[in-house]
*Asks:* 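To start, I am sharing the structure in question, which I have written as structure tokens.
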Amino acid sequence: MQGIEIHDPRFRSYVLPNAPLVKLAEGFAWLEGPVWFADHETLIVSDLPNDRLLRWSAEREGADGIMSVLRQPSHFTNGNTRDTAGRLVSCSHRQRCITRTEWDGRLTVLADRYRGKRLNSPNDVVCRSDGSIWFTDPPYGINTDYEGGKQQAELPPSVYRLDGTSGELRLVADDFEGPNGLAFSPDESVLYIAESGRQFDANPTQHIRELRVSDGERLSGGRVFHKVAPGFTDGLRVDVDGNLWSSAADGVHCISPQGILLGKILVPHVVSNLTFGGRHRSRLFICASHTLYAIYTNQRGASRP
Ligand code: MG
């Protein structure tokens, strides 16, 4: 199959031999944080260095759709997700916080400090079915002016859990050099976290780690689950069978719950992030550097965004 690499026979049932990789839009700086709004048949995505949030809308299923600006400036928004009420939750590099977009469009800052110190630059975010919001906080956005603005770090790179009811912010992992994308397994008993290392190291730590979730509040373990190559892992999504779909330098990699590479969807540019969308959550939207691609698959994304 053109543009598809089969590394394990299981992957054959997940891809479609006659579905092309379609370029939806291009001309951006670095796309990130794709999140699907099925109720609007819309994808929201960050154009990070250009400081704007974009909206891709399907005119009809299968069409190339329309790209427009949703918010500019976006305060260098990176990762996006939806909370259990369907509201947009975003990571802001510039404001060093997690925001929620209310129904009337106002922005609410959900978290910007931990024990009185400013967060670094929240990178990616997911919500659990209990309403809690989990996010990574590496310093990538404050290391350069390009992705938010050089500022001093006050906290080590960490992973946090924000309680959906009390609003309490709890540190759940602090042994990461650069926590990045994250995704829960379908039963939410496992949290996968991409680790992309120290930004300017010659050989940064780069892999996906697997952490056990206890009582919906704590993490344990953290073994290296899979090393993505070539390139590094950034954004992650999980499908209904518990396979992990990871960004990589050569496209999107599908990895079994046992950590085995099943196959790849090859993409002409470095991939930063991805998400399942479309009417059946089987269309994969791919942020690939300056270009947005989509491809229909024969697999469905897990129900959480
Ligand atoms: Mg990221």
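Ligands are counted one by one from 1 in listed order, and the atoms in each one are counted from 1 as well.
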*Asks:* For the Mg ion (ligand 1), give me the closest N/O/S atom belonging to Asp234, just the atom name.
*Replies:*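 Closest N, O or S atom of Asp234 to the Mg ion (ligand 1): OD1.
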*Asks:* Quick one: do the Glu102 and Thr108 side chains pair a donor with an acceptor below 3.5 Å?
*Replies:*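 The answer is yes; a qualifying pair exists.
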*Asks:* With a cut-off of 2.8 Å, does any N, O or S atom of Ser196 fall short of it relative to the Mg ion (ligand 1)?
*Replies:*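 Given the 2.8 Å cut-off, Ser196 does not count as a ligand of the Mg ion (ligand 1).
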*Asks:* Please determine whether Asn123 has a backbone or side-chain N, O or S atom lying under 2.8 Å from the Mg ion (ligand 1).
*Replies:*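 Looking at Asn123, which is the residue asked about, there is an N, O or S atom under 2.8 Å from the Mg ion (ligand 1).
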*Asks:* Give the intermediate values and the outcome of side chain to side chain contact (heavy atoms under 4.5 Å, CB included) for residues His226 and Glu210.
*Replies:* CA-CA 9 Å; His226 184 85; Glu210 177 188 60; over 6 Å; no
*Asks:* Indicate whether the side chain of His290 and that of Glu26 have a donor and an acceptor atom separated by less than 3.5 Å.
*Replies:*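 No.
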*Asks:* In the structure I gave you, are the side-chain heavy atoms of Val213 and Phe184 within less than 4.5 Å of one another anywhere?
*Replies:*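 In contact.
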